[in-house]
Protein chains: 2
Amino acid sequence: MRILVVEDNAALADGISSALTRMEMAVDVVGDGTEADNILRTQEFNLVVMDLNLPGYDGLEILKRYRQNGGKAQVLILTARDTLNDRVKGLDLGADDYLTKPFDLVELEARVRALLRRQSGLKSPEIVIGELIFDSVARRVSMMGEPLDLPRREFCLLELLISRAGQVVSKEQIADSLANFDQDMSPNAVELYISRLRKRLAAADINIKTVRGLGYLLEK
Amino acid sequence: MRILVVEDNAALADGISSALTRMEMAVDVVGDGTEADNILRTQEFNLVVMDLNLPGYDGLEILKRYRQNGGKAQVLILTARDTLNDRVKGLDLGADDYLTKPFDLVELEARVRALLRRQSGLKSPEIVIGELIFDSVARRVSMMGEPLDLPRREFCLLELLISRAGQVVSKEQIADSLANFDQDMSPNAVELYISRLRKRLAAADINIKTVRGLGYLLEK
DNA sequence: CTTCCTATGACAGGTTCTCGACAGCTTTGA
DNA sequence: TCAAAGCTGTCGAGAACCTGTCATAGGAAG
């Protein structure tokens, strides 16, 4: 789990950082708003711990921009004790939680655990093959960054080949799998789908090999 | 949005209830643990505000049982005891947030908004997509600077698509979400709303893509 | 060279989606 | 209280797209 800590007070940043490291997190620390902005634009984190009180920069601004750019990480903000307004604003701007300074590191850990637990289970597993990214949960495929629209049958075929990558899959297996067992599919139809899929994947370096008399296989 | 308030102090319960009602929430109040247990078993809520300090009943127990029975609502706990332990325990038992008494109603409102937003998957109250600005808190949309009046169904549809931007949302999910689970909506009706929403958003560069056989998705 | 398997264009259904028309319902405003 | 305006959802015609058969051509194996 990657965590970004945005905190200008070096001593505090250090304490937070080591507490989180003890939890087996990968922690990055930045000390000012500009840096925070930059790193949030270019890298992905699971959680951001941010002090709202940064010198020469408004933490709320960073948060707002981060969310508007589609940032998805959980955000835990740190505020001084008596700034109710900041906390309220922070939550309204898309923070997930806050902690009032001074706080106990044990409590920080509990909050981080709660936030990360909440986040897990959101990401769907993706399979990357060369230029192709295949997401079976979201049922999306993209090729060289561009989303690729596949008709249902072709999507199922690709899914089957990927799940058995490196092994030969017989035409009969493909037919059964595509036809959902509720009807028959001729071997020729399978050949046709292979042909169509190959054409679509031609731009990426994906190779569906023919194994004469046996079937097809997707090379890894 | 349905909210359950579990609070034995009538005056406080009243204050909370009216604050939430002002936010256009449907609020139910119960005053003791047994009642809370019962209603949580039989009805669904989006959020539960629960005092841990109930006469003759441990709020943490209720919370624990609720989660064990698969309760999915966001839970905000209220605690007078300022012991770190209770708060940490509460979070570890599946509470989503806590507030220490005494608290400010403004802050309660912010927390409730944040929790409900979290539940819907939306992070920032103002989401900018091309020429469109979507404000989930104020429940307003504007397009190219002009406010855009959307009928309720279309607004809900847009909210759903935005909260799942980049993912396919099935017609069934849309139907369930729009119909609020209390009645059925035909797939055809969903198609119609998509059509209407597309027409309204045509001027902005918003693209609702059709994924044949699966549903729709809003491109990022 | 012959035979069988595979590749692919063309095409004819079939399915799914789009959206105008319309009628019932709800809200608004006087 | 009633009328007007607007929202909601059904129907259905037509468009768009998917699917699988046929037919033909290309290649591999013996």
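Hydrogens, waters and symmetry mates are skipped; everything else that's a heavy atom, side chains included, is used. To find a chain, count down the sequence lines: A is the first, B the second, and so on, and within it residues start at 1. Bear in mind that the values here come from a model prediction, so they are computed numbers and not experimental data.
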Could you work out which one of [options] sits closest to the side chain of [X]?
X: B:Asn188; options: C:dG9, D:dG20, D:dC11; answer: D:dC11
X: B:Arg152; options: D:dT8, D:dG20, D:dG9; answer: D:dT8
X: A:Arg196; options: C:dT6, C:dA10, C:dT18; answer: C:dA10

* What about B:Asp149, does its side chain sit under 3.5 Å from the base of D:dG6 through a donor-acceptor pair? ->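 No such pair is found, so the answer is no.
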* Has the side chain of B:Arg212 got a donor or acceptor atom sitting under 3.5 Å from an opposite partner on the base of C:dT16? ->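 Such a pair exists between side chain and base.
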* For B:Val169, which of B:Leu218, B:Val190, B:Ile174 qualifies under side-chain contact (heavy atoms from CB on, under 4.5 Å)? ->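 Testing B:Val169 for a side-chain contact (heavy atoms from CB on, under 4.5 Å) against B:Leu218, B:Val190, B:Ile174 leaves exactly one candidate, B:Ile174.
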* Asked: Is B:Ile129 close to B:Phe134 at the side-chain level, that is, under 4.5 Å between some pair of heavy atoms?
  ->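 Not touching, per the 4.5 Å side-chain cut-off.
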* **Minimum side-chain heavy-atom gap B:Arg164-B:Tyr216 below 4.5 Å** =>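 They are not in side-chain contact.
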* When the nearest nucleotide of DNA chain D is assigned to A:Pro151 and to B:Pro151 on a heavy-atom basis, which residue is associated with the more 5' position? ->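 The residue whose closest nucleotide sits nearer the 5' end is B:Pro151.
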* Asked: B:Leu150 or B:Ser186: which one's nearest nucleotide on DNA chain D is closer to the 5' end?
  ->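 On the 5' side of the pair lies B:Leu150.
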Using a cut-off of less than 4.0 Å, is there contact between a side-chain N or O of [X] and OP1 or OP2 of [N]?
X: A:Ser195; N: C:dA7; answer: no
X: A:Tyr216; N: C:dA7; answer: yes
X: A:Thr210; N: C:dA7; answer: yes
X: B:Arg153; N: D:dC7; answer: no
X: A:Lys199; N: C:dA7; answer: no
X: A:Tyr193; N: C:dT6; answer: no

Nearest whole Å is fine: how far is [N] [atom2] from [X] [atom1]?
X: A:Glu191; N: D:dT21; atom1: CD; atom2: P; result: 11 Å
X: B:Ile174; N: C:dC17; atom1: CD1; atom2: C1'; result: 13 Å
X: A:Arg198; N: C:dT6; atom1: CZ; atom2: P; result: 11 Å
X: B:Lys171; N: C:dT16; atom1: NZ; atom2: C1'; result: 7 Å
X: B:Leu157; N: D:dT8; atom1: CG; atom2: C1'; result: 14 Å
X: B:Glu172; N: C:dC17; atom1: CD; atom2: P; result: 13 Å
X: A:Leu197; N: D:dG20; atom1: CG; atom2: P; result: 15 Å
X: B:Leu192; N: C:dA23; atom1: CG; atom2: P; result: 16 Å

* To do: Of all the heavy-atom pairs spanning B:Glu109 and B:Ala19, show the shortest one and how long it is.
  =>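 The answer is OE2-CB, 3.7 Å.
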* Give, for atom CD of B:Glu35 and atom CD1 of B:Ile62, the distance between the pair rounded to the nearest 0.5 Å. =>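 Output value for this atom pair is 10.5 Å.
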* Asked: Can the positive tip of B:Arg152 be found less than 6.0 Å from the middle of the six-membered ring of B:Phe155, inside 45° of the ring normal?
  ->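 Not flagged: B:Arg152 not positioned over aromatic ring of B:Phe155.
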